[in-house]
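Each chain gets a letter, A, B and so on, in the order the sequences are listed, and its residues count up from 1.
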Amino acid sequence: MNILVCISKTPDTTAKIAFTEGNTKFDENGVQWIINPYDEWYSLVRAIEIKEKDPTTNIHLITVGGPEAEPIIRKALALGGDEAIRVNSNSNDSYVIAQQIAAIAKQGAYDLIMTGKETIDYNSACIGSMLSAILDLPYVSLANHLEVNGNTATIQREIEGGEETNEVILPMIISCQKGMAEQRIPNMRGIMAARTKPLKVVDPVATNAHTSIKEFSLPPAKTGVKLIAPDQMEELVKLLKEEAKVI
Amino acid sequence: MVLIYIDHSEKEIKKSSHEAISYGAAIAKQLGCSAEALLLGTVNDDLTTLGKLGASKVHQLNNESLNNFDAKVHASLIATTASNLNAEVIVFAHNINGKAIAPSVAVKLDAGIVTGACSLPSLQNGFEVTKTVFSGKAFASIKIETPKKVIAINQNSFGIQNYDSSATIEEMNLPIPTASVKVTNVNKIIGEIPLTEANLVVSGGRGLKGPENWGILLDLAKALGAATACSRPVSDSDWRPHHEHVGQTGIQIAPNLYIAIGISGAIQHLAGVNRSKTIVVINKDPEAPFFKAADYGVVGDAFEVVPAFTAAILKMKHNE
């Protein structure tokens, strides 16, 4: 089986969020970069588990980003990808990124294309769904369980207030979230092996962006917490009812 | 024309779609065009009442097979309908199914898309929509450069508007593509309010010390009619089920009221709840970082404060 795992580089979950150049660019000063947690913990690790059960599985990794994305993709290789492709584009338009991934996907006979449910920077949750339209493949999103048997995938996906089980004939696209797998830490052997695994850099295909970021802003600071004494719970209820008007 | 996709489950239109209709109607007003809704499948709701939310017409593809959600099939039918009706803007709720199909529809229509939108478009300089980014820690204003636009609106960010009007229903006839997904089982947790749809949420952290102490939290949730949630350490320790985990890597929610009990307020937890309208923090540590993000705070022992809070709620409800 051939799996293509989409890897995105995002700021660390504790990174300070600030902007530069007249609030048009994310301030990367001092930011630690990580693999988008949904791509790593859930999507990539599940792909590795599938390979551990069936060693004939090939795991290819793809990232769309500049040279600064290479430490991230090497880490993903250290966890267990077989080879990686970096499309040399710094676009932050989901459509452009999806077109780059689709162009690579068309060249390989992938049974499964896996993404995280969204990235933790732009939170757009677009890539999987866009790939489904571009490649004309079935798509199941927000999956928390995946088993593959022959050419059939059995997937559990989140629905409001519960879960649904889906069966899909491969090839397909799946977006992964919590429950799918557990976080792993690369071991020394993996880190050594990753140094010599193939990492191919390709030029992007020409695509026009559909959107552009005009300005970032930060939410207004909370005006300050109103403290209520522990023995004044009727006062708290009154505030929630009459001031906040939420109950 | 603005076309709004209506999401439904178990024959009921989702609350997030009610909000999407009102949001779409407000955009239609800005553009001086009509707001019409699209329903794939069948529901028990009286569709003419969607006029009250702002839809002048409901296009319905009345076919039971569409009650099973299949992203590929649904996206294809929505895109075809949007083309046939020449819709300029297509609106979705940024909920579970909306996330699965809105980007596909955008690709099929060659439309730019903004997901996680939290405001009406600004038309002063083209078509710009503000969305939440960095897990609710910031906003970005995104310009859509294409003639057609797709917007998925964050839940609980626009609200429901009331119109004194009624919608007409127009049945459609479209060939339905072959299903790509077979739904083999649906497992709904009966009697629980889905977290993402809940107006009120009561959430617990490690400060509650163990799963055996959750009774006080459940009593408060019951008194309020609230859904229950928890922090990551709690679900990682299996004190509570994983689907209750809210935070950066769990579920992101935006209820009207979020009550955090014994949760310190790590940045990753805040990323999941910072879009809540009102936040109440109950913690015995006055230095807990969560107090900085809270509207109301109680510094005290949860095991005393929470039962007193519950009693006060019940007393208020009794007097109503």
Tell me, out of [options], who's got the most heavy-atom pairs with chain A below 4.5 Å.
options	result
B:K277, B:K317, B:K149, B:K315	B:K315
B:E128, B:E304, B:K108	B:E128
B:K14, B:K137, B:Q248	B:Q248
B:V298, B:V186, B:I267	B:V298
B:N256, B:L257, B:T184	B:T184
B:A152, B:A294, B:A71	B:A294

Per-residue contact mode, [X] against chain B (heavy atom under 4.5 angstrom):
X	result
A:Q99	neither
A:P37	side chain
A:L142	side chain
A:S141	side chain
A:D136	both
A:L131	neither
A:Y38	side chain
A:K117	side chain
A:I17	side chain
A:I155	neither
A:Y139	both

Let me know if [X] has heavy atoms under 4.5 Å from chain A in its side chain, its backbone, both or neither.
X	result
B:I113	both
B:S9	neither
B:A293	backbone
B:A198	neither
B:I101	backbone
B:K292	backbone

- Query: Does any non-hydrogen side-chain atom of A:Y110 lie less than 4.5 Å from one of A:I3?
  - Reply: no

- Query: Considering only heavy atoms from C-beta outward, does the side chain of A:K241 approach that of B:E320 to under 4.5 Å?
  - Reply: yes

- Note on the structure: Exactly one candidate in B:V305, B:L224, B:V202, B:L220 meets side chain to side chain contact (heavy atoms under 4.5 Å, CB included) with B:T310; the answer is B:L220

- In terms of ring plane angle, is the pair B:H269 and B:F290 parallel, tilted or perpendicular, where the classes change at 30° and 60°? perpendicular

- Query: So A:F26 and A:W33, would you call those rings parallel, tilted or perpendicular, with 30° and 60° as cut-offs?
  - Reply: perpendicular

- Message: Please output the residues of residues 176-185 of chain A in contact with chain B, using a heavy-atom cutoff of under 4.5 Å, in numerical order.
- Response: A:K178, A:Q183

- Query: Between A:S89 (side chain) and A:S91 (backbone), is there a donor-acceptor pair under 3.5 Å?
  - Reply: yes

- Side chain A:D39, main chain A:G116, donor-acceptor under 3.5 Å: yes

- Going by distance alone, is a donor N or O of one side chain under 3.5 Å from an acceptor N or O of the other, for A:S8 and A:N36? no

